[in-house]
Undergrad: 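Provided herewith is a single structure, encoded as structure tokens, for subsequent inquiry.
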There are 2 protein chains.
Amino acid sequence: MKRNTWQREAVREALDDTEGFISAQALHSTLHASGSPIGLATVYRALGDLASNGEADSLQSPDGEALYRACSTTGHHHHLICRNCGLTVEIAADEVEAWAKAVAAEHGFTGAAHVVDVFGLCANCTLLQAAGDTAKLAAAQKP
Amino acid sequence: MKRNTWQREAVREALDDTEGFISAQALHSTLHASGSPIGLATVYRALGDLASNGEADSLQSPDGEALYRACSTTGHHHHLICRNCGLTVEIAADEVEAWAKAVAAEHGFTGAAHVVDVFGLCANCTLLQAAGDTAKLAAAQKP
DNA sequence: GTGGTTTTGACAATCATTATCAATAAGCCT
DNA sequence: AGGCTTATTGATAATGATTGTCAAAACCAC
């Protein structure tokens, strides 16, 4: 049986209050900072549950941490992430959704999950990095 | 100064010989199995270097491992990976390719790279796991 | 309230990855 | 070739995130 505990609620709310993605560790710290004596293991469990229920999205940060994010619906979507400033845009991916299913089925695969994330430079960072690249190129030329 | 060592070459070749993605640990095991006395730390360093040089792509597997693949190839393609037996099928992804570019452009993003990989159970493992699940369910019933 | 069972949480265990640092060997110079 | 400098290696320790453990506490049905 599934029981309702204030801990699970606390995690859900903390996640809702968070803009963008947050790691389990960071969420635990946030909760502690708010005076909640919740345990670290419990945060991991709650996040895992939320993710399985489709109430949260999870992705792996470039340095191997698992990041979570509140996800209003059970709907499935993907992300467009700026590799410089971390700006994240949700993108509907019906096409890709269908494509992934089709491809999986075509090869006899079942239970297809997919990792579809697009990394790039947002408009702002594109401008910023244009300057940076120039500098980097100059440095690269130096033997 | 950048020195040429047989270890670095060994890692590069092992990665080239590998179809699809492989973890640092797995690559180290493979090398050891081939009789190479290369150290684990060295494999990590070599893979990191290859990744920074753009000679290898890296992505995070769903369970937090870093996966690498040789990347200097002309064609760009994606993978359909069996999460049970590791079977990897290369898939052409022109549709997704175009979609990723379009979506990125639509949001003002440039230099769009994308991680598009589909995980699932291959036909074989689907059957195997059907049996396994049955057993697991039976076990779960037993109090 | 009481009972049965889930859930919690402190801590240990695990796993991938990174840092350490003495020993080795690559590449330059003569 | 021989010597020298220093990048590189590799065994191991350290780190850090995540998961397992298990007794104690909390929750829900009755």
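Labels below follow one simple rule: chain letters A, B, ... track the order of the sequence lines, proteins then strands, and each chain is numbered from 1.
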Undergrad: Side chain of B/Arg3, heavy atoms from C-beta onward: which of D/dT8, C/dT5, D/dA11 has the nearest atom to it?
TA: D/dT8
Undergrad: Using a cut-off of strictly less than 4.0 Å, decide whether B/Gln7 has a side-chain nitrogen or oxygen near OP1 or OP2 of D/dG10.
TA: yes
Undergrad: Kindly give the heavy-atom pair with the smallest separation between A/Ala10 and A/Leu31, and that separation in Å.
TA: O-CD2, 4.0 Å
Undergrad: Nearest-Å distance, CG (B/Leu47) to P (D/dT9)?
TA: 12 Å
Undergrad: Remember a base hit wins even if backbone is also touched, and classify B/Gln25 as base, sugar-phosphate or nothing at under 4.0 Å, heavy atoms.
TA: base
Undergrad: Might you point out which heavy atoms bring A/Ile38 and A/His32 nearest each other, and give the distance in Å?
TA: O-NE2, 3.1 Å
Undergrad: Measure the distance from NE2 on B/His28 to P on D/dA11 and round it to the nearest whole Å.
TA: 8 Å
Undergrad: Verify the contact: side-chain N or O of A/Thr5 to OP1 or OP2 of C/dT8, cut-off strictly under 4.0 Å; return yes or no.
TA: yes
Undergrad: Could you check which of C/dT17, D/dA11, D/dT9 has an atom nearest any side-chain atom of B/Arg8?
TA: D/dT9
Undergrad: Report the residue from B/Leu15, B/Leu67, B/Asp17 that forms a side-chain contact (heavy atoms from CB on, under 4.5 Å) with B/Ile22.
TA: B/Leu15
Undergrad: Which residue, B/Asn4 or A/Leu40, contacts DNA chain C at a nucleotide closer to its 5' end, judged by nearest heavy atom?
TA: A/Leu40
Undergrad: CG of A/Leu31 versus P of C/dT8: gap in Å, rounded?
TA: 13 Å
Undergrad: Would you mind reading off the distance between B/Ile38 atom CD1 and C/dA25 atom P, rounded to a whole angstrom?
TA: 14 Å
Undergrad: A/Glu9 CD to C/dT7 C1': how many Å, rounded?
TA: 15 Å
Undergrad: What nucleotide, of D/dC27, D/dT9, D/dA17, holds the atom closest to the side chain of A/Glu65?
TA: D/dA17
Undergrad: What's the shortest heavy-atom distance between B/His28 and B/Leu40, and which atoms?
TA: NE2-N, 3.4 Å
Undergrad: If we ignore angles and hydrogens, is there a donor and acceptor under 3.5 Å between the side chains of A/Glu55 and A/Tyr68?
TA: no
Undergrad: Counting just side-chain N and O atoms, does A/Tyr44 come under 4.0 Å of either OP1 or OP2 of D/dT19?
TA: no
Undergrad: Would you kindly give the CG-to-P distance between B/Asp49 and D/dT8, to the nearest whole Å?
TA: 8 Å
Undergrad: By nearest nucleotide on DNA chain D, pick out whichever of A/Ala24 and A/Arg45 is the more 5' one.
TA: A/Ala24
Undergrad: If you check every side-chain atom of B/Trp6, which of D/dC28, C/dG9, D/dG10 has the closest atom?
TA: D/dG10
